[in-house]
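A short write-up of the structure that comes next.
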2 protein chains.
Amino acid sequence: AVSATALTRTYGEGGSAVHALRGVSLEVPKGQFTAVMGPSGSGKSTLMHLLAGLDTPDAGSVHIAGEDITRMSDRDLTRLRRKHIGFVFQSFNLLPTLSAEENITLPLAIAGRKPEAGAVERLLDRMGLTERRDHKPAQLSGGQQQRVAVARALICSPTVLFADEPTGNLDSASGADVLALLRAAVDEDGQTTVMVTHDARAAASADRVLLMADGRVVADLAGPSQ
Amino acid sequence: AVSATALTRTYGEGGSAVHALRGVSLEVPKGQFTAVMGPSGSGKSTLMHLLAGLDTPDAGSVHIAGEDITRMSDRDLTRLRRKHIGFVFQSFNLLPTLSAEENITLPLAIAGRKPEAGAVERLLDRMGLTERRDHKPAQLSGGQQQRVAVARALICSPTVLFADEPTGNLDSASGADVLALLRAAVDEDGQTTVMVTHDARAAASADRVLLMADGRVVADLAGPSQ
Ligand SMILES: Nc1ncnc2c1ncn2[C@@H]1O[C@H](COP(=O)(O)OP(=O)(O)OP(=O)(O)O)[C@@H](O)[C@H]1O
Ligand SMILES: Nc1ncnc2c1ncn2[C@@H]1O[C@H](COP(=O)(O)OP(=O)(O)OP(=O)(O)O)[C@@H](O)[C@H]1O
Ligand SMILES: [Mg+2]
Ligand SMILES: [Mg+2]
């Protein structure tokens with residue numbers, strides 16, 4: 001569903017250049033749940049942004065649903081992202097003027113679509129957000145904001161879901177709920193999912209774990225559940 | 001060093017009122033390392049903001065270094081906070097136009113003080129930030145930004161350090177480094193520290209653990225190291 005070939009991304013130039021990614025190639029098969037782990041600064045968020053078409057590599061290419069996104073026009077890329085990509089950012093990125101529920105259904109509204117009957121209720125309930133649905137982000141705790149972000153990424157059943165530390169700010173119970181929801185989306189809806197996590201228990205629910213260090217993928221392991 | 005009596009904080013009114021804190025009383029003795037744990041939405045960040053004088057309770061009082069901060073003028077409270085309080089926010093709160101190093105030394109600059117010789121270098125080194133010292137927040141990874149925030153809270157050796165999820169976005173190695181630094185500040189400098197965490201291993205390095213649920217403190221336990 002997503003593949004990358006020789007991705008390179010450098011910030012800055014000359015002596016102060018940061019080689020955030022140094023030639024990463026990988027394939028994410030349809031319906032697989034992949035975890036990406038590695039030390040702080042190893043390039044995980046950079047890789048995720050490139051795979052999701054949110055950033056352009058300095059070298060290499062990315063294919064989503066068969067299309068080379070690194071060769072697309074801005075307009076085509078925007079349309080592809082809306083149709084195919086869900087993204088949970090490392091810090092929540094919600095619209096401060098919209099309620100939790102409005103933030104969750106925003107991708108649908110933008111696509112001119114209506115939510116399936118009951119889909120929003122189910123998601124709010126699963127995320128423990130029903131009582132907070134009318135509140136704005138500033139009125140939510142850190143963990144509640146994070147769960148709104150995950151729900152928003154799932155509402156359109158995207159071809160690929162990218163989640164950058166979706167449980168970083170959650171207590172273990174809420175974190176386990178979110179992981180169970182992500183796992184269920186993979187198992188029941190065939191949701192292809194790539195999740196960056198620092199939590200070994202989260203990685204344990206994945207089908208495969210990619211380990212990164214210094215801008216490279218240094219290990220590619222079948223997950224414990226395989 | 002910090003004490004609270006019958007703290008109450010409610011958001012909103014009437015039917016939609018959220019009772020974030022429902023009468024919390026506690027004492028944090030000088031030099032103690034206290035962890036605060038509890039489910040998402042249980043009132044941990046609300047409690048921390050009230051204890052640090054960043055918010056005003058609807059009922060109850062807070063004493064820091066013997067002074068009732070709930071009765072202070074804004075100007076006196078601001079001066080007390082600068083002198084006595086370090087705060088690590090749940091999302092990093094750095095100034096985007098300043099480098100990592102400038103963000104760290106900002107509290108000193110505001111107080112018209114110069115850092116002790118070598119103090120900044122030691123902190124940068126301990127936090128694994130030396131190579132990133134001249135970079136701005138937008139050029140740092142999520143975990144690097146979080147470590148800048150922790151270093152900034154420590155630079156003035158405040159009377160009380162409040163840390164709201166200081167390791168939430170960190171891999172276990174960086175998280176362990178940060179915890180070791182916090183523990184060393186308690187053991188070597190007598191730094192009174194209150195840390196909100198969802199990580200049981202982080203709580204295990206504290207002297208005492210307060211458990212919260214639904215706006216109350218429901219358990220007060222001597223930590224495993226006691
Ligand atoms: N906009 C930028 N400009 C300059 N350097 C950057 C920028 N964004 C990231 N970097 C640097 O690139 C490297 C990789 O960053 P990245 O955010 O991908 O790491 P990460 O693996 O997600 O880390 P973390 O676990 O801390 O979130 C880091 O050294 C970071 O400081
Ligand atoms: N500005 C606000 N307006 C209205 N409600 C708020 C506001 N800030 C927090 N709340 C609500 O108060 C309750 C406690 O929030 P708080 O941020 O203290 O929780 P927390 O324990 O820190 O949670 P987390 O682990 O998710 O960070 C939550 O239900 C939250 O939605
Ligand atoms: Mg990151
Ligand atoms: Mg909080």
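Proteins get letters first, then strands, A, B, ... in listed order; numbering begins at 1 in each.
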Decide if atom CG of A:D220 counts as having more than 12 heavy atoms of other residues, nucleotides or ligands within a radius under 6.0 Å.
yes

Inspect the surroundings of CD in A:E121 and state if more than 12 heavy atoms from other residues, nucleotides or ligands are less than 6.0 Å away.
yes

Closest heavy-atom contact between B:R132 and A:V18?
NH1-CG2, 3.0 Å

Output for pair (B:E165 CD, A:N169 CG), nearest 0.5 Å, gives 5.0 Å

Ranked by heavy-atom pairs below 4.5 Å to chain B, first place among A:G43, A:S91, A:P39, A:S174 goes to A:P39

Between A:Q146, A:R147, A:Q144, which is the residue that forms a side chain to side chain donor-acceptor pair (under 3.5 Å) with B:S40?
A:R147

Neighbourhood of chain B inside residues 96-105 of chain A, taking heavy atoms under 4.5 Å as contact
none

Looking at OG of B:S42 and CG of A:D171, how far apart are the two atoms once the value is rounded to the nearest 0.5 Å?
7.5 Å

Can you tell me how far the OG atom of A:S16 sits from the CG atom of B:D134, to the nearest 0.5 Å?
9.0 Å

With sequence neighbours excluded, tell me which residues meet side chain to side chain donor-acceptor pair (under 3.5 Å) with B:E27.
none

Verify the neighbour count for atom CG of A:D58: are there more than 12 heavy atoms of other residues, nucleotides or ligands below 6.0 Å?
yes

Would you say CZ of B:R22 has more than 12 non-hydrogen atoms from neighbouring residues, nucleotides or ligands within 6.0 angstrom?
yes

